[in-house]
Amino acid sequence: MKSNINWNILAGKKILFASMPAEGHVNPLTGLAKYLQAQGADVRWYTGASYAPKMSKLGIPLFPFKRALDIMSENLEQLFPEREKIKGQVKKLVHDMIHVFIRQAPKFIDDMQDIRKEFPFDLVVAECTFTAIPVIKKVFQVPVVGVGIVPLTETSRDLPPVGLGMTPSYTIPGRIKQQFLRFVTDKILFREANLAAYEVLESYGVQHNRSNIFDLIVKASDVYLQSGTSGFEYRRTDMGQNIRYIGSLLPYSAGNKFSSWSDTRLNQYEKIIVVTQGTVEKDVEKLLVPTLEAYKGTDTLVICTTGGSQTDELRVRFPQPNLIIEDFIPFDSIMPYAKVYVTNGGYGGVMLGIENKLPMVVAGVHEGKNEICARVGYFKLGINLKTERPDPAQIKKATEKILASSVYKKNVQRLSKEFRQYHPGELSASYIGALFNKLEKAKARTSYLKNEVAA
């Protein structure tokens, strides 16, 4: 799926990317940033100072957080010591929504006021957890492009509430239940977070109509670029007119950065499984260890990438010849050999699995992974274990079920074909170019009317 665009309209445009300082929030946008840069746009980035090395390698100037807190998973408890005492997943989530995201918005705006003095940006591209999105247009009078780096968060009358990892029901009783749960979620579970958002928006004179925080961000975007495709999203009849699917928005890759990887064992085993927790999750006991335990000493080859977490220790603990344990292996070197992909359900990782036609076993709950994993199970692209800590028996049972059935493979192949129809960089650039084109036409119209009045 391509779009026509006058590429010259992007040349020289000043575009500021804005994101929370976390791998899953920065990395998906890097490919788009480099694409716009290649079209002649002046691209710069606002995020935590910890991303200075990455931005330097990308050749993108960084404006680091100054007033805003550089919040990372490693310093979360240090910055918010009260968080450790909070009991219950929902209460902890509400705390994070308020303190990690919502109350940072005024600090983002203050930082961006300073940035604009040095870099008078024409447009802001921000990922969907950057809570200043509804305020940016009011303060700076520039277009805002939101980017959905997780499954679509917009509320729908056809679906259960966002955040609970529930799959939809389209029956009358199911719809009634979902309507009730949406009310409970907005007015009770996330009430404090929504009120905190209203307080921030009202301080800038931004209308909110008492929408929830998820809808506010989507609807405030001039265009909302949703990573993924309609085939990986629940059916809804009321999707916002500003939402555009753009295919899998994956991190920038400067060609063959890593040499191809190979191992003779790839051709010695009929059944091959890839398992990873990404680079953010450091607790190898969650998914890596139980997968290795499930298959050690069997006729199945398990390729485990640790992201640099306890690689040497795992090799000592699991010396069996059918287990390969590495810090990192280029997925395009191993996924063509694999039969099943075991993952904790990060959005980028799941889309990578889809693109490589790999059915999945997913085990993730926190950081929005419950919504991603729910979709994997609902569309029968794999099996959702609905836990962060599966035991070896659960992993083996799910994996063997996928290996014994052609259903999962066929479904993921069909969705992979749909994904290949999208060209994320080109599509995104065309929608951004259309915004600039609209602005220029409006300016020309205003200038014409002024001249007519003067005449």
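Between the side chain of E154 and the backbone N or O of F214, no donor-acceptor pair lies under 3.5 Å. Formation of a donor-acceptor pair under 3.5 Å by the T305 side chain with backbone atoms of G307 is not found in this model. Put simply, the side chain of T387 gets close to the backbone of R389: a donor and an acceptor are under 3.5 Å apart. For the pair Q178 (side chain) and S169 (backbone), a donor-acceptor distance under 3.5 Å is present. A donor-acceptor contact shorter than 3.5 Å links the side chain of N194 to the backbone of D186. Side-chain atoms of N356 never come within 3.5 Å of backbone atoms of L358 as a donor-acceptor pair (strictly under, hydrogens ignored). Looking at E127, its side chain does come within 3.5 Å of a backbone N or O of M20 through a donor-acceptor pair. The backbone N or O of K380 lies less than 3.5 Å from a partner atom in the side chain of N411, making a donor-acceptor pair. Checking side-chain atoms of E281 against main-chain N and O of N344 turns up no donor-acceptor pair under 3.5 Å. No donor-acceptor pair under 3.5 Å is formed between the side chain of E202 and the backbone N or O of Q207.
The NZ atom of K286 lies 7.5 Å from the CD atom of Q277; values are rounded to the nearest 0.5 Å. In this structure, the separation between CG on L435 and CG on L123 is 6.5 Å, given to the nearest 0.5 Å. Considering OG1 of T229 and NZ of K417, their distance stands at 13.5 Å, rounded to 0.5 Å. A distance of 4.5 Å separates CD1 of I149 from NE2 of H25, quoted to the nearest 0.5 Å. With values rounded to the nearest 0.5 angstrom, C304 atom SG is found 10.5 Å from I324 atom CD1. With values rounded to the nearest 0.5 angstrom, N27 atom CG is found 9.5 Å from S19 atom OG.
G228 and F419 get closest at one heavy-atom pair: CA-CZ, 4.3 Å.
Shown here is R191, whose CZ atom has no more than 12 heavy atoms of other residues, nucleotides or ligands within 6.0 Å. Heavy atoms of other residues, nucleotides or ligands lying less than 6.0 angstrom from CD of E285 number more than 12. K397 NZ: 12 or fewer foreign heavy atoms inside a 6.0 Å radius. The environment of NZ in K107 is crowded: more than 12 heavy-atom neighbours from other residues, nucleotides or ligands sit within 6.0 Å. E192 CD: 12 or fewer foreign heavy atoms inside a 6.0 Å radius. Within 6.0 Å of NZ in K219 there are more than 12 heavy atoms belonging to other residues, nucleotides or ligands. Within a 6.0 Å radius of NZ in K187, more than 12 heavy atoms belonging to other residues, nucleotides or ligands are found. Around atom CD of E400, more than 12 heavy atoms belonging to other residues, nucleotides or ligands sit under 6.0 Å away.
Side-chain N/O atoms of S416 and E355 include no donor and acceptor closer than 3.5 Å. Side chain to side chain, N242 and S221 fail the donor-acceptor criterion of an N or O pair below 3.5 Å. In this model, a donor atom of one side chain and an acceptor atom of the other lie less than 3.5 Å apart for K34 and Q37.
Taking the six-membered ring where the residue is Trp, the centroids of Y234 and Y378 are separated by under 6.0 Å. Taking the ring centroids of Y252 and Y35, they lie at or beyond the 6.0 Å cut-off.
With respect to D222 and K438, no salt bridge is recorded, no charged nitrogen being found less than 4.0 Å from a carboxylate O.
Looking at heavy atoms from C-beta onward, T47 lies out of side-chain contact with F63 at the 4.5 angstrom threshold. Using a 4.5 Å heavy-atom cutoff, the side chains of K137 and V142 are not in contact. Contact of the K271 side chain with the D299 side chain is registered, since non-hydrogen atoms from C-beta on lie closer than 4.5 Å. With a 4.5 Å cut-off on side-chain heavy atoms, L225 and V223 count as touching. The shortest distance between side-chain heavy atoms of L427 and R244 does not fall below 4.5 Å.
Among residues at least two apart or in separate chains, ring-ring contact (aromatic ring centres under 6.0 Å, His included) pairs with a member in residues 124-152 are F108-F130, F121-F140.
In this structure, R235 is positioned above the aromatic face of Y170, its NZ or CZ under 6.0 Å from the six-membered ring centre and within 45° of the axis.
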Going through the checks in order, is the salt bridge (charged side-chain N to carboxylate O under 4.0 Å, His left out) test met by E371 and R375? CA-CA 7 Å; E371 290 288 344; R375 284 162 172 78; 2.9 Å; yes
For Y51 and E23, run side chain to side chain donor-acceptor pair (under 3.5 Å): C-alpha distance rounded to whole Å, both residues' side-chain angles, the deciding distance at 0.1 Å, then the answer. CA-CA 9 Å; Y51 280 85; E23 292 291 285; 2.8 Å; yes
